[in-house]
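Structure record follows, encoded as structure tokens.
Every chain is numbered from 1 and lettered A, B, ... according to where its sequence line falls, protein lines coming before strand lines.
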Protein chains: 2
Amino acid sequence: MTQPPESRPGRTIRSVEIAFSIIDALERRDGAGVTELADRLDHSKSTIHSHLRTLEELEYVVRKGDEYRLSLQILGMAEHVRDQVGNYDVIEEEVDALADETGEIAQFGIEEHGQVTYLHKASGEQAVETASSVGAQQPIYATALGKTILTFLPPERIDEIVSATEFVAHTSHTITSPEKLYDEIETIAERGYGIDDEENIAGLRCVAAPVKSESEILGAVSISGPKSRFTDDRIHDELPEFVTRAANVIELNTKFS
Amino acid sequence: MTQPPESRPGRTIRSVEIAFSIIDALERRDGAGVTELADRLDHSKSTIHSHLRTLEELEYVVRKGDEYRLSLQILGMAEHVRDQVGNYDVIEEEVDALADETGEIAQFGIEEHGQVTYLHKASGEQAVETASSVGAQQPIYATALGKTILTFLPPERIDEIVSATEFVAHTSHTITSPEKLYDEIETIAERGYGIDDEENIAGLRCVAAPVKSESEILGAVSISGPKSRFTDDRIHDELPEFVTRAANVIELNTKFS
DNA sequence: CCCGCTGGTTCCCCACGCGGGAACAGGTTT
DNA sequence: AAACCTGTTCCCGCGTGGGGAACCAGCGGG
């Protein structure tokens with residue numbers, strides 16, 4: 001209707017995109033009104049209005065006076081989504097234990113859309129807080145989790161992901177070329193665990209181990225901490241042991257779904 | 001296109017409804033293929049296909065081989081949604097404490113779309129498991145939480161909700177008429193807490209107390225347990241004290257957002 | 001008190017996007 | 001190799017969704 005210049009990467013439905021852009025806007029600001037959304041998303045008020053009405057009807061959105069916000073129904077969806085992943089309970093348990101033992105941040109993540117998505121996160125005693133949290137996404141090439149998962153993906157999927165990735169440097173250590181990434185993958189494949197040495201956040205190091213089931217990679221576990229505690233020795237000795245042990249436990253207890 | 005018989009309760013967007021029916025289907029079954037969805041939802045494969053493609057593009061859905069399933073991005077949304085509610089942390093803390101003290105199930109719920117939606121749930125030691133969980137919805141007239149929240153809503157909203165409700169009897173104790181419900185509301189208003197005496201699930205009793213902020217009702221806290229432990233005395237003495245105390249703490253620590 | 005402003009809601013029209021059917025492409029089974 | 005599965009693509013026609021403007025309701029200030 002408005003976008004003839006856009007064309008043929010397979011059909012995509014405009015109204016649905018609008019609907020989700022509304023949801024997205026409602027999510028990032030905590031609720032909003034019709035006019036505000038109309039301005040922000042550059043659509044007529046009537047358009048926004050009928051979308052909001054639809055979403056309200058579907059109970060994904062609630063109206064409180066003149067403000068619309070997302071409904072708690074999302075929480076229910078999240079529960080389901082979590083349950084459909086391998087054995088979430090085991091993952092939660094082991095990640096928590098790992099954070100506890102080490103005192104650092106422990107996380108579990110999987111690959112989606114060529115990025116890492118965190119499924120669970122636990123903070124130990126001395127954990128430095130990072131921005132990332134459950135459901136958040138991070139670049140696959142700049143995280144121990146991502147690179148580790150990548151390594152154990154089927155080769156064609158690796159290529160697919162890598163070729164679709166734009167490398168942006170988060171720190172001076174960030175991997176910024178496919179070649180280096182492929183090298184890194186090889187290294188990880190050999191030694192069995194992945195390392196992020198301040199590649200995503202300055203001062204932060206991470207170690208990650210893969211979780212596999214039937215030769216298929218499910219995700220990876222990691223611990224993250226400040227360079228000061230993640231010394232050169234620990235990072236190649238003690239810490240890999242921790243994460244691989246956790247990964248193994250998860251593997252064993254995960255009845256592949 | 002297919003539904004001329006349907007008409008004018010305000011405009012509602014068909015494509016969006018389809019998109020969400022797909023999401024819903026993906027949620028309840030853990031992923032599905034195009035054909036399966038097409039049959040189930042009674043749409044052509046091509047329709048489903050372009051919707052799935054759109055959702056995939058938007059990263060709400062991931063394709064794994066020939067199966068589509070919801071992405072973990074939902075988890076991120078859920079986090080946001082939770083945070084936008086009053087002070088979730090306090091609620092969590094108090095509900096957990098309540099479950100701990102009493103050994104039973106403690107819950108916090110709010111009203112949405114004329115129903116109760118659970119925001120948090122904690123199980124104590126001896127807790128009997130109920131089906132309900134976070135994000136789930138229950139009828140407002142058949143739960144202690146619901147009736148309690150209802151009581152403190154503005155009168156016009158009460159009428160609105162009540163007149164829109166269909167009463168279905170879950171047990172022989174279920175309130176099934178607006179009149180009785182209004183009576184119950186009055187009772188709750190007087191004594192300050194609500195009771196569900198096997199009105200939703202046989203054998204299960206609940207006690208709930210309102211959480212208000214600036215005279216506006218935010219939600220309610222409840223504990224649920226078997227009739228055997230929730231005796232006639234306790235249910236009007238000890239248990240109300242527990243829940244009102246928890247409710248008060250939440251009230252005090254909730255900086256209204 | 002009224003008038004201008006805010007915001008949400010409704011109405012209607014028109015073009016174009018979307019849903020559907022059918023044809024296509026791959027893979028697996030018989 | 002033919003019959004069947006999938007998922008995917010193509011194309012067409014119609015009804016629907018997006019936009020603009022008109023319409024309200026509430027608010028505040030001149």
### Message
For B:Phe20 together with A:Phe20, are the ring centres under 6.0 Å from each other?
### Response
yes
### Task
Taking only the side-chain nitrogens and oxygens of B:Tyr68, find out if one of them lies under 4.0 Å from OP1 or OP2 of D:dT8.
yes
### Query
For the residue pair A:His120 and A:Tyr88, does the interplanar ring angle fall in the parallel (under 30°), tilted (30 to 60°) or perpendicular (over 60°) class?
perpendicular
### Task
Give the rounded distance in Å between these two atoms: NE2 of B:His49 and P of C:dA23.
18 Å
### Query
Side chains of A:Glu56 and A:Ser71: closer than 4.5 Å at any heavy-atom pair?
no
### Message
Looking only at the side chain of B:Val34 (C-beta and beyond, no hydrogens), which of the listed nucleotides C:dG19, D:dG17, D:dG7 gets closest?
### Response
D:dG7
### Query
Looking at B:Arg53, does any N or O in its side chain come under 4.0 Å of the phosphate oxygens OP1/OP2 on D:dT9?
yes
### Task
Please indicate whether B:Glu156 has more than 12 foreign heavy atoms, meaning atoms of other residues, nucleotides or ligands, lying under 6.0 Å from its CD.
yes
### Message
So if I take every side-chain heavy atom of B:His43 and compare against D:dG19, C:dG8, C:dG20, which nucleotide ends up nearest?
### Response
C:dG20
### Task
Answer yes or no: is there a side-chain heavy-atom contact under 4.5 Å between B:Met77 and A:Ile74?
yes
### Query
Rounded to the Å, how far apart are B:Ile18 CD1 and C:dC18 C1'?
9 Å
### Rounded interatomic separation in angstrom, taking CG from B:Leu52 and P from C:dG19
12 Å
## Note on the structure
Residue pair A:Gly33/A:Ile13 against DNA chain C: nearer the 5' end by closest nucleotide is A:Gly33
Output a table of nitrogen or oxygen pairs between the protein and nucleotides 20-23 of chain D separated by less than 3.5 Å.
unit_1 : atom_1 : unit_2  : atom_2 : d
D:dG20 : O6     : A:Ser46 : OG     : 3.0

### Message
Without decimals, in angstroms, what is the distance between A:His51 NE2 and C:dG8 P?
### Response
16 Å
### Query
Within a strict 4.5 Å, meaning less than it, do heavy atoms of the B:Arg82 and A:Leu75 side chains meet?
yes
#### Entry: Student check: side-chain heavy atoms of B:Tyr118 and B:Thr143 closer than 4.5 Å
yes
#### Entry: Pairwise side-chain contact, B:Leu37 with B:Leu52, heavy-atom cut-off 4.5 Å (strictly under)
yes
### Message
If I take atom CZ in residue A:Arg11 and atom C1' in nucleotide D:dC10, what distance separates them, rounded to the nearest angstrom?
### Response
9 Å
### Query
Which whole-number value in Å describes the distance from B:Asp66 CG to C:dG26 C1'?
10 Å
### Query
Taking atom C1' of C:dG19 as reference, at what distance in whole Å does atom CD1 of B:Ile48 sit?
10 Å
### Message
Between B:Glu112 and B:Thr117 (side chain of the first, backbone of the second, donor and acceptor by atom type, cut-off under 3.5 Å), is there such a pair?
### Response
no
### Task
Can you tell me which residue pairs pass the salt bridge (charged side-chain N to carboxylate O under 4.0 Å, His left out) test with a partner in residues 38-48 of chain B, sequence neighbours excluded?
none
So which protein nitrogen or oxygen atoms get under 3.5 Å of nucleotides 25-28 of chain D's nitrogens or oxygens?
none

### Query
B:Leu37 CG to D:dG7 C1': how many Å, rounded?
12 Å
### Query
OP1, OP2 of D:dT8 versus side-chain N and O of B:Arg63: anything below 4.0 Å?
yes
### Message
For a quick test of reading the model: is some side-chain N or O of A:Ser15 closer than 4.0 Å to OP1 or OP2 of C:dC18?
### Response
yes
